Amino acid sequence: MSEEKKRPFLPFQERPFGDLLQSIDSFFQDTVKHIKAPRFIPTYQYETKKEYIIEAELPGVQKDQIGLDIYQNYIKISVQSEEITEEKDDIQNTFKHSSRFQKAERVVQLPFLVNESEVKAVLKDGLLQIRIPNKRKRIPID
């Protein structure tokens with residue numbers, strides 16, 4: 001028998017172009033794994049005689065990831081997260097870099113104009129609570 005027939009079967013990684021094909025395959029698998037639909041921010045609104053309260057469920061979100069914007073009678077709640085992963089393997093002389101960015105927004109319309117200096121917001125145990133002085137005026141009907 002010739003020397004070629006006695007040579008053991010080479011694993012995929014050791015074949016010519018094996019590393020390149022494996023890298024391409026890994027790229028697509030990692031990309032698809034990180035694609036997610038935009039998150040929906042569930043909100044609940046209720047009012048008392050003194051306050052209008054908005055609660056938004058944001059489990060796992062940190063305070064620095066939240067943005068609140070106020071324009072007239074609208075409040076926009078936005079959440080941004082960014083994750084960067086880097087792996088370096090000196091043995092195989094490879095470097096892998098991946099990043100993921102995710103953003104979700106929810107706009108809440110209020111029944112009155114809002115002064116941003118009067119708005120108070122607190123994040124506790126994954127629940128964002130926004131308190132606004134209730135300026136709704138009830139007009140009695142004779």
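The first residue in the sequence is number 1, and the count goes up from there. These numbers were taken from a predicted model, which means no experiment stands behind them.
By the side chain to side chain contact (heavy atoms under 4.5 Å, CB included) test, S78 is found to be paired with E105, residues two or more places apart in sequence or in another chain being considered.
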Show me the side-chain donor-acceptor pairs of residues 66-77 shorter than 3.5 Å, one per line, residues at least two apart or across chains.
from : atom 1 : to   : atom 2 : distance (Å)
N73  : ND2    : L110 : O      : 3.0

Please tabulate, for the side chains in residues 112-123, all donor-acceptor contacts under 3.5 angstrom to protein atoms that are two or more places apart in sequence or on a different chain.
from : atom 1 : to   : atom 2 : distance (Å)
N115 : OD1    : S117 : N      : 3.2
N115 : OD1    : S117 : OG     : 3.0
N115 : ND2    : S117 : OG     : 3.4
E118 : OE1    : K135 : NZ     : 2.7

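Alongside I91, the hydrophobic cluster contains no other residue (criterion: ILVMFWY side chains under 4.5 Å).
Placement of V61 and V108 within a single hydrophobic cluster is found when ILVMFWY residues are connected by side-chain heavy-atom separations under 4.5 Å, directly or transitively.
Applying the side-chain hydrogen bond (donor to acceptor under 3.5 Å, both in side chains) rule to pairs touching residues 44-56 yields Y44-E57, Q45-Y52, Y46-E55, E47-N134, E47-R136, E51-R131, E55-Q129, sequence neighbours excluded.
Nearest heavy-atom pair, Q65 versus S81, reported as atom, atom and distance to 0.1 Å: NE2-CB, 3.4 Å.
Remark: L58 CG to T43 OG1 distance equals 10.0 Å, nearest 0.5 Å.
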